[in-house]
Amino acid sequence: MIRGLVIREAQAADRDAIRDLVTQAFGQDAEARLVEALAADGDVVMEMVATHEGTLVGHVLFSRLRVEGEGSAHDALALAPVAVAPAMQRTGVGTTLIEHAHDVLTARAETLCVVLGDPAYYGRFGYAHERAAGFDSDYQCEAVQALAWGAAPLTGRLVYARAFSAL
Ligand SMILES: CC(C)(COP(=O)(O)OP(=O)(O)OC[C@H]1O[C@@H](n2cnc3c(N)ncnc32)[C@H](O)[C@@H]1OP(=O)(O)O)[C@@H](O)C(=O)NCCC(=O)NCCS
């Protein structure tokens, strides 16, 4: 972990800095708007930031995702987005943020998280397409990966928070 890196939950006062960071990391504002919509809709389960020397350099958000089966629904998580300030990318900030967030989420008894992203990156955290292949999703493809920490369904329809439909 980088010396001086602080990982903590996001606070209301971080909103402007989060918007700027996410926009810079992605080079567009679609993901920053997603973050704001998820927050406005009350769909954020956990949002963590990394700061370095008082500056916000990383952000990760987990929103509620429901896995709907026949007559049942399971509360899972969607990991998206993850953003690291361009100047700090590939220095371990993203890894530290995600690993710390996972520790907190498992301690809170969350059981399943789904991500849509590069397997070369998310595989290191244990995400695998095989674990997500049985789910029915509009986004279903090799990039849909899941990580289970406890008993969770292998099949069912993935229903993302409302803000994702505006992407
Ligand atoms: C993707 C991102 C979050 C990774 O965070 P990071 O702090 O830069 O990455 P880390 O330093 O923790 O990890 C670095 C490792 O991941 C790999 N990696 C980094 N970004 C990657 C990517 N987009 N795809 C695949 N591998 C990637 C690096 O090669 C490196 O591998 P190594 O440890 O074997 O050398 C960050 O680069 C970023 O904000 N990118 C722009 C926004 C984005 O694409 N977000 C992810 C989609 S939601």
Side-chain angles (χ1 to χ4, degrees), residues 1-10 14-41 43-66 76-106 110 112-133 135 137-149 158-167:
M1 178 161 154
I2 300 172
R3 197 181 170 86
L5 193 70
V6 175
I7 308 289
R8 61 168 172 80
E9 290 213 34
D14 296 321
R15 291 261 66 91
D16 289 353
I18 290 172
R19 186 190 316 116
D20 290 348
L21 170 77
V22 176
T23 303
Q24 284 166 19
F26 285 91
Q28 58 180 36
D29 70 356
E31 291 78 10
R33 284 190 280 110
L34 171 66
V35 168
E36 301 214 320
L38 287 167
D41 290 347
D43 287 326
V44 175
V45 176
M46 196 178 68
E47 194 177 11
M48 281 205 164
V49 295
T51 65
H52 187 251
E53 295 175 351
T55 301
L56 201 120
V57 296
H59 170 264
V60 63
L61 189 151
F62 295 80
S63 59
R64 188 53 78 199
L65 166 73
R66 285 163 60 81
L77 300 162
L79 163 52
V82 192
V84 173
M88 298 282 283
Q89 287 178 7
R90 306 205 166 203
T91 64
V93 174
T95 299
T96 305
L97 256 179
I98 293 170
E99 288 179 345
H100 188 81
H102 283 173
D103 287 347
V104 175
L105 291 165
T106 52
E110 293 288 348
L112 179 71
C113 188
V114 177
V115 69
L116 178 60
D118 189 341
Y121 187 64
Y122 293 101
R124 72 188 58 209
F125 306 105
Y127 288 91
H129 175 64
E130 293 69 31
R131 182 62 185 79
F135 296 132
S137 165
D138 294 342
Y139 308 111
Q140 187 55 271
C141 63
E142 288 290 323
V144 174
Q145 301 148 77
L147 171 60
W149 299 296
L158 301 185
V159 180
Y160 286 81
R162 186 176 63 173
F164 283 94
S165 57
L167 269 184

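This structure is a prediction, so every number in the text was calculated from the model and none was measured. Indexing begins at 1, ligand by ligand and atom by atom, following the structure's order.
Considering only heavy atoms from C-beta on, Glu110 comes within 4.5 Å of Val45 through its side chain. At least one side-chain heavy atom of Pro119 sits under 4.5 Å from a side-chain heavy atom of Gln145.
With rounding to the nearest 0.5 angstrom, the CE atom of Met88 is 10.5 Å from the CG atom of Leu21.
Remark: atom 1 (C) of ligand 1 lies closer than 4.0 Å to no protein heavy atom. Protein heavy atoms are found less than 4.0 angstrom from atom 33 (O) of ligand 1.
In this structure, the protein non-hydrogen atom closest to atom 7 (O) of ligand 1 is Gly94 N, 2.7 Å. From the protein, the heavy atom lying nearest to atom 12 (O) of ligand 1 is Thr95 OG1, 2.5 Å. Among all non-hydrogen protein atoms, the one lying nearest atom 11 (O) of ligand 1 is Gly92 N, 2.6 Å. The nearest heavy-atom contact from the protein to atom 41 (C) of ligand 1 is Ala25 O, 3.4 Å. Scanning all protein heavy atoms for the shortest distance to atom 26 (N) of ligand 1 gives Tyr121 CB, 3.8 Å. Protein heavy atom at the shortest distance from atom 39 (O) of ligand 1 is Val84 N, 2.8 Å.
Of all the heavy atoms of Tyr122, the ones lying under 4.0 Å from any atom of ligand 1 belong exclusively to the side chain. Of the heavy atoms in Thr91, only backbone atoms (N, CA, C, O) come closer than 4.0 Å to ligand 1.
Considering backbone and side-chain N/O of Ala83, none are found under 3.5 Å from N/O of ligand 1. Below 3.5 Å of separation, one finds an N or O of Asp118 facing an N or O of ligand 1. Inclusion of Phe26 in the set of residues having an N or O under 3.5 Å from an N or O of ligand 1 is not warranted.
Considering Arg124, Met88, Glu99, Arg90 only, the shortest heavy-atom separation from atom 31 (O) of ligand 1 involves Arg124. Considering each of Val93, Val57, Leu97, Val82, the one bringing a non-hydrogen atom nearest atom 3 (C) of ligand 1 is Val82. Checking Gln24, Gln89, His59 against atom 40 (N) of ligand 1, the nearest heavy atom belongs to Gln89.
Counting only residues at least two apart or in different chains, salt bridge (Lys or Arg N to Asp or Glu O under 4.0 Å) contacts with residues 86-103 are absent.
The aromatic rings of Phe125 and Tyr122 sit tilted, their planes meeting at an angle between 30° and 60°.
Under the side-chain contact (heavy atoms from CB on, under 4.5 Å) test applied with Glu47, the options Ile18, Leu38, Val60 reduce to a single match, Ile18.
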